[in-house]
Amino acid sequence: MFDRLEFRQLLSRFPPPDQVPVQPSLTFEAVPQPAGLKVVEDAAEAVSLLAGAKDVGVFTFSEGVGRGSTVLGVGVATEQDTFYVAKQDAMDAIATTLSDRPISGHDAKETELALRALGGGRRDWAFSTFLAAYLLGAGSRDPRLEDLAKEFLDVSLVSTEQLLGTGRKARKPADVSISEAAEFAARRAEAIVHLRPRLEAEMRNLGVDYLFHEIELPLAGVLADMESEGVAIDVPYLKEMQDELGEQMVAIEAEVEQVAGQKFNLNAPQQLAKVLFEDLRLPVGRRTKTGYSTDADTLETLREKHPIVGLILEHRQLSKLKSTYVDALPQLVDPLSGRVHTSFGQASTATGRLSSSNPNLMNIPIRTELGQRIRRAFKASRPGHVMVSADYSQIELRIAAHLSGDPKLLGAFAAGQDIHTATAAAVFRIPIETVDPNQRRLAKVANFGSIYGQGEYGLSQQLGITGDVAREFLAQYWSTYAHLKEYLDKVRRQAREEGFVVSETGRRRAIPDLRSPNFQLRSAAERMAINFPMQSLAADIIKIAMVRLQREIEADNIEGRMLLQVHDELLFEVPESEVDQFAEKVPRIMTGAFELATGIEVETKVGPNWADMRKLAVVRA
DNA sequence: TGTATCACG
DNA sequence: ACGTACGTGATACAT
């Protein structure tokens, strides 16, 4: 998103909010000349070098990433010393000694996992250059330590690419000499210690210090816990499904060959487009950069025109779900734990949401019958345990009501009404009891569209109605929620003036295209600006809840564990004996995480797996 | 490496 | 007249 993170430039796009005092000048003492770098072999000596240090910076040098990595050495820096430890007993001693004191690192979650692998316990983190840079830059790319050191310290660190090389000349971390590894890791630890006061000042200046200390930094440890915990999947069950789906796909492929009169690769959009639009002469819909679009929306409009279309849509679904989940998940089971361990991205989104990768457990299917079958594979595996889930109801629309103060929207939430039904009643001016399912569907699409900045055309496409009908519907919608409209217009206007947006918690997003002369780019930027305050506050509310929940779970010394977060949902694996405790704890903390004018509603469920769950309670507070 | 597609909130 | 809903990550294909 941002070309080679130009932090100074970025910061200039982020003037501080009025209520935060502007520091007259952010100047710092010069970075001390690099001190002599020691390679320490003796465990007792390594530990003694930590005595009396105010801050300890740590950079672990590992083979592999995340949980499964092997730590090859640890770079450590204090105000006095910079050293590197590569001998196992000395690394273990360092990790243990650092267990009971806050330390500074680059990526706190990754370093935490590495230190735990060395036998260190949980710790509180004092600082993370990675998370600070994320909050300062609000970019969507992973902030790199060498860029920060260059920008804020004018120090050139050896980059990972320089150390290991790229392409076929690349070498493994294990093949790096001790002295090179020491220079790499210890200088990084040193840079972390030197960066800390500078980045802390920048964060205070920008008003993101609350977010940093109260949310992101403690969350890093929670995410490390969740990644370590993992989630069990039923591998034999998925293997069975693999065969079944494979057979179904082969059958459909044969049918398609019959109907089309030729054999081709159904997964290749270009081949498919040729068959549909040239050979079978079906009416062309949307176009892409490279040719005819064959996406599901387009194919759906052709369903009645030719029997091949339905077959292709079915094959698409099977192929997607089989390759992405049924085939992939069993291969990602960790042989040691027997579970899958995702990686949560804590600094990879522009809105403050988390992301999940390797595997992505935030997009496990749920909407279709086949999707439900896949979700069923995620199960409570420990004896006597069950899954408990808790999700926020309509959190973004509640936030929209809260931020806009729209009386109609607030009133509907206050009355405990189904928000889409209430919207339909108001827009169609009919009694709420008489709203039919189609009217509710229209209202639901409009409600979601409004928080994404959707316009008339988008709505008409989404609903399959004409532009005229969409215009009339939207006119009624916006006259119903006139205050919401006013609020969204204000966000758009202010964003355009300032070039960035700020959330309730102080989270920021720079959107340079807000000033683009190009209508299309500018419009897209405005939609991002409109959505940001709602999506990002929702992200922060659940993050606050996660931090508080994990603290309470630890303090109460109970067995149940937080496993996953999926934007507005938390998933736990708990002993049956603790279900009542979680059913009280989880909604209390989730609803108490932030005060919204609408109140917050949380629904809890329990069951043997992630698909078959019965409702426990709906808690409003 | 880029594009199209589609899984989720 | 423009083009058309926000935020992600994984897969397969084509280059």
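In what follows, every chain begins at residue 1, and chains take the letters A, B, ... in the order their sequences are listed. These values consider heavy atoms only, across backbone and side chains, with no hydrogens, waters or symmetry-generated copies.
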Q: Indicate, with a heavy-atom threshold strictly under 4.0 Å, whether Ala538(A) touches base, sugar-phosphate, or nothing.
A: nothing
Q: Step through it carefully: locate the ring centre of Phe130(A), locate the ring centre of Tyr134(A), and say whether they are under 6.0 Å apart.
A: no
Q: State the CD-CZ distance between Gln476(A) and Arg471(A), to the nearest 0.5 angstrom.
A: 13.5 Å
Q: Residues of residues 608-621 of chain A with any non-hydrogen atom less than 4.0 angstrom from an atom of DNA chain C: list those, numerically ordered, please.
A: none
Q. Using atom P of each nucleotide, how far apart are dC2(C) and dC6(B) to the nearest Å?
A. 27 Å
Q: Examine dT5(B): is either OP1 or OP2 under 4.0 Å from a nitrogen or oxygen in the side chain of Thr294(A)? Give yes or no.
A: yes
Q. How many Å lie between CD1 on Ile374(A) and P on dC6(B), as a whole number?
A. 15 Å
Q | Ser323(A) side-chain proximity, nearest of dT5(B), dT4(C), dT11(C) | A | dT11(C)
Q | Nucleotide nearest Pro365(A) when distance is taken to its side chain, options dC13(C), dA5(C), dA7(B) | A | dA7(B)
Q: For Ser523(A), answer base if it contacts any base atom (sugar-phosphate contacts may also be present), sugar-phosphate if it contacts only those atoms, and nothing otherwise; contact means non-hydrogen atoms under 4.0 Å.
A: nothing
Q.
By nearest atom, which of the nucleotides dT11(C), dG9(B), dA5(C) is closest to the His567(A) side chain?
A. dG9(B)
Q) OP1 or OP2 of dA7(B) less than 4.0 angstrom from a side-chain nitrogen or oxygen of Arg375(A), does that happen here? A) no
Q | Nearest-Å distance for atom pair CZ/P, residues Arg353(A) and dT8(C) | A | 9 Å
(Q) Categorize Gly449(A) for me: base, sugar-phosphate, or nothing, with a 4.0 angstrom heavy-atom threshold over every strand shown. (A) base
Q) Does Arg286(A) have a side-chain nitrogen or oxygen under 4.0 Å from the phosphate oxygens OP1 or OP2 of dG3(C)? A) no
(Q) Once you apply a heavy-atom cut-off of 4.0 Å, does Gln520(A) come out as touching a base, just sugar-phosphate, or nothing? (A) sugar-phosphate
Q) Are Gln248(A) and Glu244(A) close enough that a side-chain donor and a side-chain acceptor fall under 3.5 Å? A) yes
Q) Checking all strands, does Asn358(A) fall into the base, sugar-phosphate, or nothing category for heavy-atom contacts under 4.0 angstrom? A) sugar-phosphate
Q.
Please tell me if Thr324(A) has a side-chain N or O lying less than 4.0 Å from either OP1 or OP2 of dT11(C).
A. no
Q: State whether the distance check finds a donor on one side and an acceptor on the other, under 3.5 Å, for side chain Asn363(A) versus base dA7(B).
A: yes
Q | Side-chain N,O (Arg367(A)) to OP1/OP2 (dC8(B)) below 4.0 Å | A | yes
Q | Between P of dT5(B) and CG of Asn360(A), the distance in whole Å | A | 20 Å
Q: Compute whether any side-chain donor of one residue and acceptor of the other, for Asp418(A) and Thr421(A), lie under 3.5 angstrom apart.
A: yes
Q | dA1(C): pairing nucleotide in any strand, Watson-Crick or G-U under 3.5 angstrom | A | none
Q) Any side-chain N or O of Thr290(A) under 4.0 Å from OP1/OP2 of dA4(B)? A) yes
Q: Would you please determine if the base of dC2(C) is stacked by Phe519(A), with stacking meaning a centroid separation under 5.5 angstrom and planes under 30 degrees?
A: no
Q) Whole-Å distance between dA14(C) P and Lys274(A) NZ? A) 13 Å
Q. Donor-acceptor pair under 3.5 Å: do we get one between Gln270(A)'s side chain and the base of dA4(B)?
A. no
Q.
Does Gln262(A), at its CD atom, have more than 12 non-hydrogen atoms belonging to other residues, nucleotides or ligands within less than 6.0 Å?
A. yes
Q. Within the structure shown, what part of the strands sits under 4.0 Å from Ile530(A) by heavy-atom distance: base, sugar-phosphate, or nothing?
A. nothing
Q. Looking at Ser348(A), does any N or O in its side chain come under 4.0 Å of the phosphate oxygens OP1/OP2 on dG9(C)?
A. yes
Q | Given dC6(C), dC13(C), dC6(B), the nucleotide with the shortest approach to the side chain of Arg509(A) | A | dC6(C)
Q: Indicate, with a heavy-atom threshold strictly under 4.0 Å, whether Ala539(A) touches base, sugar-phosphate, or nothing.
A: nothing
Q: Applying side chain to side chain contact (heavy atoms under 4.5 Å, CB included) between Leu571(A) and each of Asp391(A), Val388(A), Leu564(A), report the one that passes.
A: Leu564(A)
Q: Please check the phosphate of dT5(B) (OP1 and OP2 only) for any side-chain N or O of Ser293(A) closer than 4.0 Å.
A: yes
Q. What integer distance in Å separates Leu272(A):CG from dT5(B):P?
A. 9 Å
Q | Whole-Å gap separating P (dC8(B)) and OH (Tyr452(A)) | A | 13 Å
Q) dA14(C), dC6(B), dT11(C): which one has an atom nearest the side-chain heavy atoms of Arg316(A)? A) dC6(B)
Q. When rounded to the nearest 0.5 angstrom, what is the spacing between NZ in Lys490(A) and CG in Leu488(A)?
A. 10.0 Å
(Q) Given dA7(B), dT5(B), dA5(C), identify the nucleotide with an atom nearest to the side chain of Gln317(A). (A) dA7(B)
(Q) When the P atoms of dA5(C) and dG2(B) are compared, how many Å lie between them, rounded to an integer? (A) 24 Å
Q. Taking atom C1' of dT8(C) as reference, at what distance in whole Å does atom CG of Asn531(A) sit?
A. 12 Å
**Q.** Closest nucleotide among dT8(C), dG9(C), dA5(C) to the Phe448(A) side chain
**A.** dA5(C)
Q: Look up atom CZ in Arg339(A) and atom CG in Leu563(A), then write down how far apart they are to the nearest 0.5 Å.
A: 6.0 Å
Q. Where the side chain of Ile366(A) is concerned, which of dA4(B), dT5(B), dG9(B) is the nearest nucleotide?
A. dG9(B)
Q) For the ring pair His402(A) and Phe413(A), is the centre-to-centre distance below 6.0 Å? A) no
Q.
Atom CD of residue position Glu161(A) - does it have more than 12 heavy atoms of other residues, nucleotides or ligands inside 6.0 Å?
A. yes
Q: With heavy atoms under 4.0 Å as the rule, sort Ile364(A) into base, sugar-phosphate or nothing.
A: sugar-phosphate
Q. Looking at the side chain of Ser355(A), which of dG9(C), dC6(B), dA7(B) is the nearest nucleotide?
A. dG9(C)
(Q) Check this for me: does any side-chain nitrogen of one of Arg286(A) and Asp297(A) sit under 4.0 Å from a carboxylate oxygen of the other? (A) no
Q | Lys320(A) side-chain proximity, nearest of dA12(C), dT5(B), dA4(B) | A | dT5(B)
(Q) In this structure, how many angstroms lie between the C1' atom of dA12(C) and the CD atom of Gln271(A), rounded? (A) 12 Å
